[in-house]
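Sequence lines set the chain letters: A, B, ... in the order given, protein chains first and strands last, and positions in each chain run from 1.
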Amino acid sequence: MHGPRTFTCGALRPEHIGREVVLKGWVDTRRDLGGVIFVDLRDRYGLTQVVFMQETNAAAFAKADGLRSEFVISVRGVVDSRAPETVNPKLGTGRVEVRVTDLLILNPSEPVPFPISAHEEKRQNTAEETRLKYRYLDLRRPELQQNLVLRSKLYQATRRYFDTQDFVEIETPVLMKSTPEGARDYLVPSRVHPGRFYALPQSPQTYKQICMVAGLDRYFQIVKCFRDEDLRADRQPEFTQIDVEMTFATEEAIYGLIEGLMAAIYREVKGVEIPVPFPRMSYDEAVTRFGSDKPDLRFGLEIRDLSSVFHESGFRVFDQVTAQGGAVVAIVVPGEGDRGRGAMDRLDKEVVRKRIGAGGLVYFKLPSDGSETYSSVKSDVLPTAVVDRAIEACGASKGDLVLLLAGPRPKVHLQMGTLRLVMAEELGLIPQGADGPWEFLWVTEFPLVEYDEDEKRWVAMHHPFTSPREADLAAMFDDPGAVRARAYDLVLNGSEIGGGSIRIHRAEIQRQMFNLLGIEPDEAQRRFGFLLDAFKFGAPPHGGIALGLDRIAMILAGASSLRDVIAFPKTQSAVEPMVQSPDEVDARQLKELHIALALPPEKA
RNA sequence: GGUCCGGUAGUUCAGUUGGUUAGAAUGCCGCCCUGUCACGGCGGAGGUCGCGAGUUCGAGUCUCGUCCGGACCGCCA
């Protein structure tokens, strides 16, 4: 009866004063002063104060008396100015208000289970469980809406960019086939083929390579991927990748392409110019200097190797480690030289031993008042002269704390990398929020394979289609661990946001790779025969990358969990609390699929 | 599979060495209020203390188990 809305709730300005308007939205806040009722009307675009006066419009006023939070209403009224003392500078629309002439209640609302308001002061941190159960209410909150809008802009920027670069967006099947290696698959039973299963893609890897063989040249896709593994704050079982593949690609071509993409995304989504090209670092250097294959470059605390200082120093624990080719590594923590004994003991016990799993922590404290250095190891066991040399070698000075770990490499570096992150977090060195800084990094020259101690075999570090470096081909037989792959990761602020490689395009090398991974020829043929066959028909060299769109969105939004940039995320136990999935199905459905349940007795 | 944190009105939380009737804020309901903007004032209703055992004269509080949520390790090519 009011017709369409003439403005959104974020639109009205003084220039609209005097106009008759229709607004529709949700009742955010109702302030009843007796003879006058103010309502903050909310939609995705903002808040507008609408006014009901008993004096001037008794009918609308009487109706407004019944309004409650989250009622959906339509108001017709006239835009009016607000007296200078009643202007609300917090609202974009705060210089005007709408004097309501007619009110329609489009739908009432029961009291909501948690506050939704656009007023920051009214919000509180509702338990995520409750928020997810009523996700439609949670998503009414402006910050989540902003995250989803940001995410949408991310899609659009990505598509525009690849379109200008002459890429073709190609959809690959969601129902594909299970592959060995990698994460657990989500399986989908086939009704038509009893006993057979589709698998949901962990990534469209093989399909996009086939597209290259097909000569499609430049492929991209914004695509859902599925991995049935345990969740984390930055890991959901279904997630979205920006998947890319190029014919005749070199590492340099990929780096340049993706740097252009990230620059376009930052420009269009955040209005920020990020410097390109991104710095690069080999895997070995990343592990040696930062104890991680995804170093966070936003703070220092670099790892120093003090092995030479402690070699044959007389301190038995360190002597043994260095004699066996291990390392003694240190980080210098500025400003912590006065830490108390209790805090250090807790660090040793809770963090170093329990969480990191290292043998123990050695530390030197250099008090800020310049007094004598304190070593956690007594001087009759670790000579003072050695301590002084170590401090000199790592460049520590007054007021610093030096933390040392010893052990085999590269394990000790990775342990120190964890300790580095713990200290950085404890000291507040890690910037929070959505305003940067943005430290991009290419990590290059990954090992092709790593040895799995549990399974007693080599496993692909990236995936089985990653090309070894030409120069390392010979070593695939006699020293697989030394072979470097043509693989790379894109790291942003200590988070892996993408990874890719130049692929194997020759059937013979692909066969060698399967052989190294212990995949028998007949299994390789069964699982990947189509790819091996395809390689026989003029497969061009090619390579690509996949970027984690959810993680990029999370970093752009300054969110601390993926759940805040996904409309309907799953909990840590992979449940979606609103629809309650996963769920049981009818016996009839199972029968049709020729599936019988064999549940563990306690769950049956 | 493991470690740690949490679960108390609708919501966010407090709850002492185990001790009478489990509190606050907010929301909700009622009344009052014509310029508020998280309006304000007065009054009221609202609780299987996640669930189940155990210890005890007595358990929100202690013990064990279990479920749910979260952080992390394992896992995630």
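- No hydrogens or angles were tested; on distance alone, a donor-acceptor pair under 3.5 Å links the side chain of A:Arg82 to the base of B:C37.
- In this model, a side-chain donor or acceptor of A:Arg235 finds a partner on the base of B:C75 within 3.5 Å.
- Across every strand in view, B:U17 sits unpaired, with no contact that passes the Watson-Crick or G-U test at under 3.5 angstrom.
- When atom types are taken as modelled, the side chain of A:Asp296 and the backbone of A:Arg298 share a donor-acceptor pair closer than 3.5 angstrom.
- With rounding to whole Å, A:Asp32 atom CG is found 12 Å from B:G35 atom P.
- Nucleotides B:C64 and B:G23, compared at atom C1', are 30 Å apart to the nearest Å.
- Between the C1' atoms of B:A25 and B:U66, the separation comes to 33 Å (whole Å).
- Between the C1' atoms of B:U16 and B:C28, the separation comes to 31 Å (whole Å).
- Here the separation of B:G10 from B:C32, taken at their C1' atoms, is 26 Å to the nearest Å.
- For B:G47, there is no paired base (Watson-Crick or G-U wobble, both distances below 3.5 Å).
- Pairing for B:C31 is with B:G41, a Watson-Crick or G-U wobble pair whose two hydrogen-bonding atom distances lie under 3.5 Å.
- Between A:Arg31 and B:C39 there is a side-chain N or O to OP1 or OP2 distance below 4.0 Å.
- Defined by atom type and a distance below 3.5 Å, a donor-acceptor pair is missing between the side-chain atoms of A:Gln49 and A:Asn88.
- Here A:Arg30 does not reach the OP1 or OP2 of B:A38: none of its side-chain N or O atoms lies under 4.0 Å away.
- Using a 3.5 Å distance cut-off with no hydrogens or angles, the side chains of A:Asp43 and A:Thr8 do not pair a donor with an acceptor.
- Remark: A:Gln572 is in phosphate contact with B:A71, judged by side-chain N or O atoms under 4.0 Å from OP1 or OP2.
- Between A:Arg95 and the phosphate of B:C37, there is no side-chain N or O to OP1/OP2 separation shorter than 4.0 Å.
- For B:G10, the paired base is B:U26 (Watson-Crick or G-U wobble, both distances below 3.5 Å).
- Residue A:Lys90 places at least one side-chain N or O under 4.0 Å from the OP1 or OP2 atom of B:A38.
- Judged by atom type and distance alone, A:Arg232 does not reach the base of B:G70 through any side-chain donor-acceptor pair under 3.5 Å.
- Note: A:Phe61 and A:Phe52 fail the aromatic proximity criterion, with ring centroids not under 6.0 Å apart.
- Using the six-membered ring where Trp is involved, A:Phe528 and A:Phe530 have ring planes that are tilted, between 30° and 60° apart.
- Note on A:Thr86: every side-chain N or O is 4.0 Å or more away from OP1 and OP2 of B:C37.
- Defined by atom type and a distance below 3.5 Å, a donor-acceptor pair is missing between the side-chain atoms of A:Glu576 and A:Gln580.
- Across all strands shown, B:U63 forms a Watson-Crick or G-U wobble pair, both distances under 3.5 Å, with B:A53.
- The residue A:Glu97 sits close to a base: some heavy atom pair falls under 4.0 Å.
- For A:Glu128 and B:G6, a side-chain-to-base donor-acceptor distance below 3.5 Å is absent, hydrogens and geometry of angles not being considered.
- Counting non-hydrogen atoms under 4.0 angstrom, A:Pro464 reaches a base of the nucleic acid.
- In this entry the distance linking CE of A:Met53 with P of B:U36 reads 13 Å, nearest Å.
- Between the side chain of A:Arg131 and the base of B:G10 there is no donor-acceptor pair of N/O atoms closer than 3.5 Å.
- Nucleotide B:C76 forms a pair with no other nucleotide shown, judged by Watson-Crick or G-U wobble geometry with both contacts under 3.5 Å.
- Taking the six-membered ring wherever Trp is involved, the centroid distance between the rings of A:Phe7 and A:His16 falls below 6.0 Å.
- Between B:C4 and B:U12, the two C1' atoms lie 23 Å apart (nearest whole Å).
- Considering only the side chain of A:Ala183, B:C76 comes nearest among B:U36, B:C76, B:G74.
- The separation of B:U63 from B:U56, taken at their C1' atoms, amounts to 12 Å, rounded to a whole angstrom.
- The ring of A:Phe114 does not lie on top of the base of B:U11; it is either too far (5.5 Å or more) or too tilted (30° or more).
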